[in-house]
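This report concerns only the one structure given below.
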Amino acid sequence: MLLIACSEKQAYVDMLNQAKDLMHDKPDSAMMILDSLGQHEDEFGKRFRMLYHLHRLNALNKVDSLFRSTDQAQILVDYFDEHGTPNEQMLAYYLLGRAYYDIHEAPMALSCFQTASEKADTASADCDYRQLSRVYGQMSNVFYQQGLYDYELECENLSAKYGWKGKDTLNALLSMEGKVFIYERQKKEDSAIIACEDIADILDACGYRKQAVSLCASILRELVDKRQFSKAKEYMDRYEQESGFFDANNNIEKGRETYYYSKGCYYMAVNLLDSAEYYFRKELRDGKDFNNQNGGSRGLALLFQKKHMPDSAVKYALYSYDMNDSAYAQMAIREVEQMQGMYDYTRNQKIAEQAKNKAEKEQQRARYSVLLLIIIITLSTGIGWRIYKGRKKERLKYEADLSSLAEIHSEVIQLRAHEQTLNKLLMEKESKAVKLKEDIEAYKAKVGLQSESSEIRLQKSVIYGNLCKLATKGVVLDDNQWQQVYVMAIDILPNFYKFISEKSFKLTENEFKTCILIRLHFNPKTVANMVGLSPSSITKIRINLMKKMFDKGGKSKELDELLMQFS
């Protein structure tokens, strides 16, 4: 910030520092300062502007604004990855993870939180431990949603550890509280009770008495199951007297009615059955959500079973069964979606690794090719060398022209979607494409390429041979492979390529690719694999192309026959 002060007005630097100081405890006030500072954004330098947007996005996150895209957070990550301190990098990746989390991409969110934790320099004296604590807290939440309780517990421990180091007492205690609920979900009742009482003592010692009695109330059912009735009664009395959640008539505030189930279970366990029935019915009456309806009906079913009243027991048991059946169905759907997300993430990692290995092999092959070329050039002498050099130069220009033309056609297709603002650039590209086509045709006439039929040239083409091999493997073509396909089509099927490139058709990228693959004799299923779409999508594209290109309806098979007429 001292370096920034040399190029920014000191008042702006002071305002940003003031907002940062308020960020954790008073994010609303920090947001007001940042909004005021933002009125002078035109005067900011590049780095100060990026810092301003980083902390403003952090403030939006802290006031619980919902992220609807990752665009802004990704821009910040890209910048601070190259120009940021460890604390700035950690915060940028944390915010990107929060953005992914809000748009329901948990695997990507987890990856960003992991990267954020790795960016933190815990050996540095100025490490932002408070932020690191929150990173692990968010990782814990993702693991909870995936049902990975051991990983959740590990992250809660790390969140608490760095919360204490960052003097963020409340966040550290909340992370410690999370361990109690993990033990409950793991059915480790003894561990839950011990952890709860230890953490409640710390909360009491730190002045958080209400939080302490509320935490103790969360283990009432475990205490009842362990028949520790006196301790359960003590915790219930403290909760009702000290939590502040009860009115003068001892009714708990709305949203916390599940407490009545715990209290009903206590009275049922000590054989005060009338009191138990009262609280189970109170839960049914006051709590209208699923948890309370299910809890109240289950409690009454157990109570009437204990009272030997089978009809009433069956009535409430069936009601509880229906509630659980519905909840289970919803939970199963969520679990499938979560597992699908993890599967997609793992599959994408595998694809990325395969692409990396392939790129390394291609680089090695390229190095060998260059070495061989150098040897051939060295052995060449005199006139032979000059002839070879001239022909090579012409061939390289020809291939470069083909590649440039394919690239220009690709750009033209994209530019047409924005032709209202890019007409001038579009005209320049099309003019250059015409010149390149003339040079290409002149070269083909010179070396006699025009005398061979397009089908014969296809069969001789190395690119086409490689493409057929990829087709048999069901590979989705990447950008480099598509570039080679475009080059081949322009070279061998110029009339066809010119026809499908007509701007009056305004073909989409997938329609353009589908046309080329059909002309290259690939069947619809193979086309779907190579484009990366479903067979049904390819069928719809082919039907739509009949209308768009030939202005008539018809079966998709007719499209194949019409395209084959072009060379």
Side-chain angles (χ1 to χ4, degrees), residues 144 149 152-153 156-157 160 169-287 289 291-300 302-303 306:
Y144 160 71
Y149 301 132
E152 181 188 2
L153 183 60
E156 289 287 22
N157 284 330
T169 304
L170 182 58
N171 194 60
L173 290 170
L174 290 174
S175 296
M176 294 177 68
E177 281 187 30
K179 296 166 59 176
V180 177
F181 305 118
I182 295 172
Y183 290 138
E184 288 178 341
R185 288 190 288 271
Q186 292 178 324
K187 305 301 181 184
K188 297 179 179 179
E189 296 177 341
D190 291 331
S191 298
I193 293 171
I194 293 171
C196 176
E197 293 177 338
D198 289 345
I199 297 167
D201 289 342
I202 299 174
L203 284 166
D204 251 339
C206 293
Y208 297 105
R209 188 168 185 78
K210 289 184 178 181
Q211 287 88 340
V213 297
S214 296
L215 181 61
C216 289
S218 69
I219 59 165
L220 291 176
R221 298 176 203 174
E222 285 77 10
L223 292 173
V224 170
D225 289 342
K226 294 294 182 181
R227 305 191 68 77
Q228 298 182 29
F229 299 134
S230 60
K231 186 177 289 187
K233 184 66 167 66
E234 175 192 347
Y235 288 166
M236 284 194 300
D237 291 342
R238 288 183 60 192
Y239 184 59
E240 293 177 9
Q241 295 165 14
E242 301 174 25
S243 68
F245 298 144
F246 294 83
D247 62 18
N249 297 318
N250 213 36
N251 296 312
I252 200 168
E253 68 180 30
K254 188 171 180 60
R256 302 180 183 272
E257 295 89 349
T258 53
Y259 169 70
Y260 294 137
Y261 178 76
S262 299
K263 192 168 184 177
C265 289
Y266 164 78
Y267 280 122
M268 185 165 61
V270 297
N271 287 316
L272 296 176
L273 303 186
D274 290 342
S275 296
E277 182 177 352
Y278 171 79
Y279 282 106
F280 289 144
R281 291 192 181 278
K282 187 174 180 62
E283 183 181 19
L284 276 177
R285 183 182 67 250
D286 295 349
D289 62 354
N291 287 331
N292 286 299
Q293 292 296 299
N294 182 51
S297 58
R298 183 174 184 275
L300 288 172
L302 295 172
L303 176 69
K306 190 169 186 177

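Just so you know, residue 1 is the first one in the sequence shown, and it goes up from there.
Look at Asp204 and Arg238 and you find a salt bridge, because one of the NZ, NE, NH1 or NH2 atoms lies within 4.0 Å of a carboxylate O, short of that distance.
Considering only residues two or more places apart in sequence or on other chains, Asp286 meets the salt bridge (Lys or Arg N to Asp or Glu O under 4.0 Å) condition with Lys282. Remark: Asn250 engages Glu240, Phe246, Lys263 in a side chain to side chain contact (heavy atoms under 4.5 Å, CB included) (not counting sequence neighbours). Considering only residues two or more places apart in sequence or on other chains, Arg285 meets the salt bridge (Lys or Arg N to Asp or Glu O under 4.0 Å) condition with none of them. Remark: Gln186 engages Tyr149, Asp150, Ile182, Tyr183, Lys188 in a side chain to side chain contact (heavy atoms under 4.5 Å, CB included) (not counting sequence neighbours). For Glu277, the salt bridge (Lys or Arg N to Asp or Glu O under 4.0 Å) partners are Arg281, Lys307, not counting sequence neighbours. In this structure, Glu283 has no side chain to side chain donor-acceptor pair (under 3.5 Å) partners at least two apart in sequence or on a different chain. Remark: Ser175 engages Glu156, Ser159, Ala160, Asn171 in a side chain to side chain contact (heavy atoms under 4.5 Å, CB included) (not counting sequence neighbours). Residues meeting the side chain to side chain contact (heavy atoms under 4.5 Å, CB included) test with Thr169, sequence neighbours left out: Trp164, Leu173, Cys206, Tyr208. Every side chain to side chain donor-acceptor pair (under 3.5 Å) that Asp190 has, sequence neighbours left out, goes to Lys226.
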Per-pair distances, 0.1 Å, donor-acceptor, side chain in residues 230-237, under 3.5 Å, sequence neighbours excluded:
unit_1, atom_1, unit_2, atom_2, d
Lys231, NZ, Glu197, OE2, 2.9
Lys233, NZ, Asp237, OD1, 2.9
Lys233, NZ, Asp237, OD2, 3.0
Tyr235, OH, Glu197, OE2, 2.9

Which donor-acceptor pairs under 3.5 Å do side chains of residues 267-275 form with protein atoms, sequence neighbours excluded?
unit_1, atom_1, unit_2, atom_2, d
Asn271, OD1, Lys306, NZ, 3.0

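Nearest heavy-atom pair across Cys196 and Cys216 is SG-CA, 3.7 Å. Shown here for Lys254 and Glu257, the closest heavy-atom pair between the two residues is CA-OE2, 3.4 Å.
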Practice problem: Show the numbers, then the answer: is there a side-chain contact (heavy atoms from CB on, under 4.5 Å) between Leu203 and Val213? | Solution: CA-CA 9 Å; Leu203 284 166; Val213 297; over 6 Å; no

Practice problem: Could you go through the side-chain contact (heavy atoms from CB on, under 4.5 Å) check for Glu184 and Ile219 one step at a time? | Solution: CA-CA 8 Å; Glu184 288 178 341; Ile219 59 165; 3.6 Å; yes

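Here the CG atom belonging to Leu300 is positioned 5.5 Å from the CG atom belonging to Leu284, to the nearest 0.5 angstrom.
Taking the six-membered ring for Trp and the full ring otherwise, the centers of Tyr261 and Phe280 sit less than 6.0 Å from each other.
Asn249 places no side-chain N or O within donor-acceptor distance of the main-chain N or O of Asn251, the cut-off being under 3.5 Å.
Sorted by first and then second residue, the side-chain hydrogen bond (donor to acceptor under 3.5 Å, both in side chains) pairs involving residues 210-223 (not counting sequence neighbours) are Arg221-Ser262.
Relative orientation of the Phe229 and Tyr266 rings is perpendicular, given thresholds of 30° and 60° on the angle between their planes.
Side chains of Tyr260 and Tyr278 form no contact here, defined as non-hydrogen atoms less than 4.5 Å apart.
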